[in-house]
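Input: a single structure, listed below in structure tokens.
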Amino acid sequence: MSLIEQIDKERLPQHVAIIMDGNGRWAKAKGKDRSFGHQEGVVSVRKVVEAATTVGLKYLTMYTFSTENWNRPEAEVQALMSLLVSAIHRETPDLMKNNVRLMAIGNLDRLPADAHATLLDCIAQTSANTGTTLILALSYSARWEITEAVKRLAQDAVEKKINPNDITEAVVSEHLTTKGIPDPDLLIRTGGEQRVSNFLLWQLSYAEFFFTDVYWPDFREEELYGAILYYQQRERRFGKTSEQLIL
């Protein structure tokens, strides 16, 4: 029996964010090159996106390529960018079939021209879809995002477009790359590590964290459903007491 049958569809997390970790270690354990792990990781992306649409998630953000990943060996970076292009080409028809809307956050201008163009084309093709919104965090880091927001707010203050005393949490959120997207309710990290690695630092303030030793290439539908069940067992208090939630 699938774990999806145990999920309360009325209490789904609205937004799930995933740090997809362990592709290289998974491949190494099998005596394969790291690129083999990344290729299998793409299969997991497809399976998890399909599972998200099946269960009814509204938003799914995947940490696809961090700002720090640019520091990896050039050959690996080039392979990852080529994989990104081919994966988007291949998956766009399925995204359309499954009514998935694609978005992307991050410093996208750093992407190679072909990857950038392919990404924007898929975003345009899927823009009218009304099912799950899939957000790829590409060339992304939270510190970069927050720094850019601070720069824009500072410039607005200098130009007298905003009074510094009027800068609230909501105003800051409006200047982030995730503007208009609800904050994640659940963060999943695969691969055994237990840290957020410069991912959505502002937005994860009240998220539940689910860490698993499963490497990303082995994380599929049932693993996602298991993480959602974990989330549904948590008591979401947002600073209140348990007694206050009952009232």
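- Of the N and O atoms on the side chains of Glu76 and Ser35, not one donor lies less than 3.5 Å from an acceptor on the other residue.
- Here Lys161 pairs with Glu159 under the salt bridge (Lys or Arg N to Asp or Glu O under 4.0 Å) rule; sequence neighbours left out.
- In this structure, Tyr63 contributes its side chain and Tyr140 its backbone to a donor-acceptor pair below 3.5 Å.
- Comment: Arg90 does not engage Asp94 in a salt bridge, judged by the lack of any side-chain N to carboxylate O separation of less than 4.0 angstrom.
- The shortest distance between side-chain heavy atoms of Lys58 and Pro182 does not fall below 4.5 Å.
- Between Glu68 and Asn198 the shortest heavy-atom distance is OE2-ND2, 3.0 Å.
- Once rounded to the nearest 0.5 Å, the distance linking CG of Leu138 with CG of Asn69 reads 10.0 Å.
- Across Asp114 and Thr118, no two heavy atoms sit closer than the pair O-OG1, 2.8 Å.
- Scanning for side-chain contact (heavy atoms from CB on, under 4.5 Å) contacts around Gln232 gives Ile7, Asp8, Arg11, Leu12, Ile228, Leu229, with sequence neighbours left out.
- Residues satisfying the side-chain contact (heavy atoms from CB on, under 4.5 Å) criterion with Ser82, sequence neighbours excluded, are absent altogether.
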Show your reasoning for whether side chain to side chain donor-acceptor pair (under 3.5 Å) applies to Ser44 and Arg220.
-> CA-CA 6 Å; Ser44 286; Arg220 301 291 167 91; 2.8 Å; yes

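- A search for side-chain contact (heavy atoms from CB on, under 4.5 Å) contacts involving Ala17 returns Thr61, Pro184, Leu187, Phe199, Leu200, not counting sequence neighbours.
- Qualifying ring-ring contact (aromatic ring centres under 6.0 Å, His included) partners for Phe219, counting only residues two or more places apart in sequence or in other chains: Trp216.
- In this structure, the side chains of Glu174 and Val171 stay at 4.5 Å or more apart for every pair of heavy atoms.
- At a threshold of 4.5 Å between non-hydrogen side-chain atoms, the residues Met20 and Thr64 count as touching.
- With sequence neighbours excluded, the residues that form a side-chain contact (heavy atoms from CB on, under 4.5 Å) with Val150 are Ile146.
- Between the CG atom of Leu201 and the CD atom of Glu145 there is a distance of 8.5 Å, given to the nearest 0.5 Å.
- In this structure the side chain of Arg110 reaches within 4.5 angstrom of the side chain of Thr67, judged on heavy atoms.
- Taken from CG in Asp213 to CZ in Phe211, the straight-line distance is 11.5 Å, to the nearest 0.5 Å.
- No donor-acceptor distance shorter than 3.5 angstrom exists from the side chain of Gln14 to the backbone of Asp185, with no hydrogens or angles considered.
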